[in-house]
Visitor: 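I have a structure here, written as structure tokens, and I will follow up with some questions on it.
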Amino acid sequence: MDNQFRKFLNIYLEAWRASSLTEIRDLISKNYKGREITGGEIVDFDFEESILGWEQGFTFVKENNAQWNLKEISILPLRVDEMLVIISASIILQGEELKTANLFFQTFEKGNSNDWKLIRSYIETGIPIENLGSMKIN
């Protein structure tokens with residue numbers, strides 16, 4: 001894996017764990033596209049809508065004194081300048097992990113100035129935590 005990408009990914013995950021909307025916004029491409037599946041319903045969204053979603057999640061975590069539990073499941077090179085990262089995200093509230101998590105398939109691209117940005121996401125929400133424990137990517 002590209003060492004620059006590893007450094008970028010660490011910054012991205014730390015911004016997420018810190019619920020820093022300012023930092024996350026800078027790491028997402030203005031051309032970002034996302035798709036989220038919630039209860040069988042498909043919702044497509046762009047950069048601005050994604051920022052609203054991040055803001056809602058970050059506000060919930062901060063207001064409830066909660067923490068993010070982020071787990072890297074896999075990192076897959078797609079092309080010379082693209083990486084796919086699979087991340088599970090759950091919330092720890094009052095010392096207890098919520099019973100469900102969201103599974104993020106996030107594609108990052110290296111731009112012309114050698115900076116990485118999140119360009120695409122596919123998100124499955126409401127996955128039972130016990131289903132993620134046995135997940136393996138070969």
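The basis for the numbers below is simple: all heavy atoms, side chains too, and nothing from hydrogens, waters or symmetry mates.
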Visitor: With sequence neighbours left out, what residues match Thr125 under side-chain hydrogen bond (donor to acceptor under 3.5 Å, both in side chains)?
Guide: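 Expected list: Thr38.
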Visitor: Do you know the tightest heavy-atom contact between Ser121 and Gln106?
Guide: OG-NE2, 3.3 Å
Visitor: Check whether any side-chain heavy atom of Val43 lies under 4.5 Å from a side-chain heavy atom of Glu49, and answer yes or no.
Guide: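 In short, these two side chains do not touch, never coming nearer than 4.5 Å.
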Visitor: Any salt bridge (Lys or Arg N to Asp or Glu O under 4.0 Å) involving residues 87-96? Give me the pairs, sequence neighbours left out, ordered by first then second residue.
Guide: none
Visitor: Which word best sums up how the rings of Phe58 and Trp68 line up, parallel for under 30°, tilted for 30 to 60°, or perpendicular for over 60°?
Guide: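 Taking Trp68 first and then Phe58, their aromatic rings stand perpendicular (interplane angle over 60°).
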Visitor: Just jot down the side-chain hydrogen bond (donor to acceptor under 3.5 Å, both in side chains) partners of Asp46, sequence neighbours excluded, or say none.
Guide: none
Visitor: Would you say that more than 12 heavy atoms from the other residues, nucleotides or ligands in this model lie under 6.0 Å from the NZ of Lys99, or not?
Guide: no
Visitor: Between atom CZ of Phe47 and atom CG of Leu52, what is the distance when rounded to the nearest 0.5 Å?
Guide: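 Here the interatomic distance stands at 10.0 Å.
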Visitor: Would a 4.5 Å heavy-atom cut-off, applied to side chains only, mark Leu27 and Phe108 as touching?
Guide: no
Visitor: Working to the nearest 0.5 angstrom, can you tell me the gap between Leu118 CG and Asn31 CG?
Guide: 12.0 Å
Visitor: Side-chain contact test, heavy atoms from C-beta onward, threshold under 4.5 Å: evaluate it for Asn69 versus Lys71 and give yes or no.
Guide: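 The answer is yes; the side chains approach within 4.5 Å.
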Visitor: Are any non-hydrogen side-chain atoms of Ile51 and Ile28 less than 4.5 angstrom apart?
Guide: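 Counting from C-beta outward, Ile51 and Ile28 do come under 4.5 Å.
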Visitor: According to a 4.5 Å side-chain heavy-atom criterion applied to Ile, Leu, Val, Met, Phe, Trp and Tyr, with indirect links allowed, do Ile119 and Ile24 form part of one hydrophobic cluster?
Guide: no
Visitor: How close do Asn102 and Gly126 get, heavy atom to heavy atom, and via which atoms?
Guide: OD1-N, 3.2 Å
Visitor: Do Trp116 and Ile75 share a hydrophobic cluster (ILVMFWY, side-chain heavy atoms under 4.5 Å, transitive)?
Guide: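 Shared cluster, yes.
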Visitor: Mind jotting down which residue pairs meet the side-chain hydrogen bond (donor to acceptor under 3.5 Å, both in side chains) criterion with at least one end in residues 50-59? Sequence neighbours excluded, please.
Guide: none
Visitor: How would you list, by chain and number, every residue that makes a side-chain hydrogen bond (donor to acceptor under 3.5 Å, both in side chains) with Asn10, sequence neighbours excluded?
Guide: Arg6
Visitor: Report all side-chain donor-acceptor pairs from residues 79-94 shorter than 3.5 Å, counting only partners two or more places apart or in another chain.
Guide:
{"from": "Arg79", "atom 1": "NH1", "to": "Glu82", "atom 2": "OE1", "distance (Å)": "2.5"}
{"from": "Glu82", "atom 1": "OE1", "to": "Arg120", "atom 2": "NH2", "distance (Å)": "3.2"}
{"from": "Ser90", "atom 1": "OG", "to": "Glu97", "atom 2": "OE2", "distance (Å)": "2.4"}

Visitor: Can you find a pair of side-chain heavy atoms, one from Thr100 and one from Ile127, that are under 4.5 Å apart?
Guide: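 Not in contact.
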Visitor: Please name all residues satisfying salt bridge (Lys or Arg N to Asp or Glu O under 4.0 Å) with Glu14, sequence neighbours left out, ordered by chain then number.
Guide: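 Glu14 satisfies salt bridge (Lys or Arg N to Asp or Glu O under 4.0 Å) with Arg17 only.
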Visitor: Can you find a heavy atom in the side chain of Glu72 that is under 4.5 Å from one in the side chain of Leu9?
Guide: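 Heavy-atom side-chain distance check passes, below 4.5 Å.
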Visitor: So which pairs with a foot in residues 19-39 pass salt bridge (Lys or Arg N to Asp or Glu O under 4.0 Å), sequence neighbours left out?
Guide: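 Counting only pairs at least two positions apart or across chains, the salt bridge (Lys or Arg N to Asp or Glu O under 4.0 Å) contacts touching residues 19-39 are Arg35-Asp44.
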Visitor: Can you tell me if NZ on Lys117 sees more than 12 non-hydrogen neighbours from other groups inside 6.0 Å?
Guide: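 Yes.
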Visitor: State which residues pass ring-ring contact (aromatic ring centres under 6.0 Å, His included) with Tyr122; sequence neighbours excluded, sorted by chain then number.
Guide: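 Result, ring-ring contact (aromatic ring centres under 6.0 Å, His included) vs Tyr122: Phe105.
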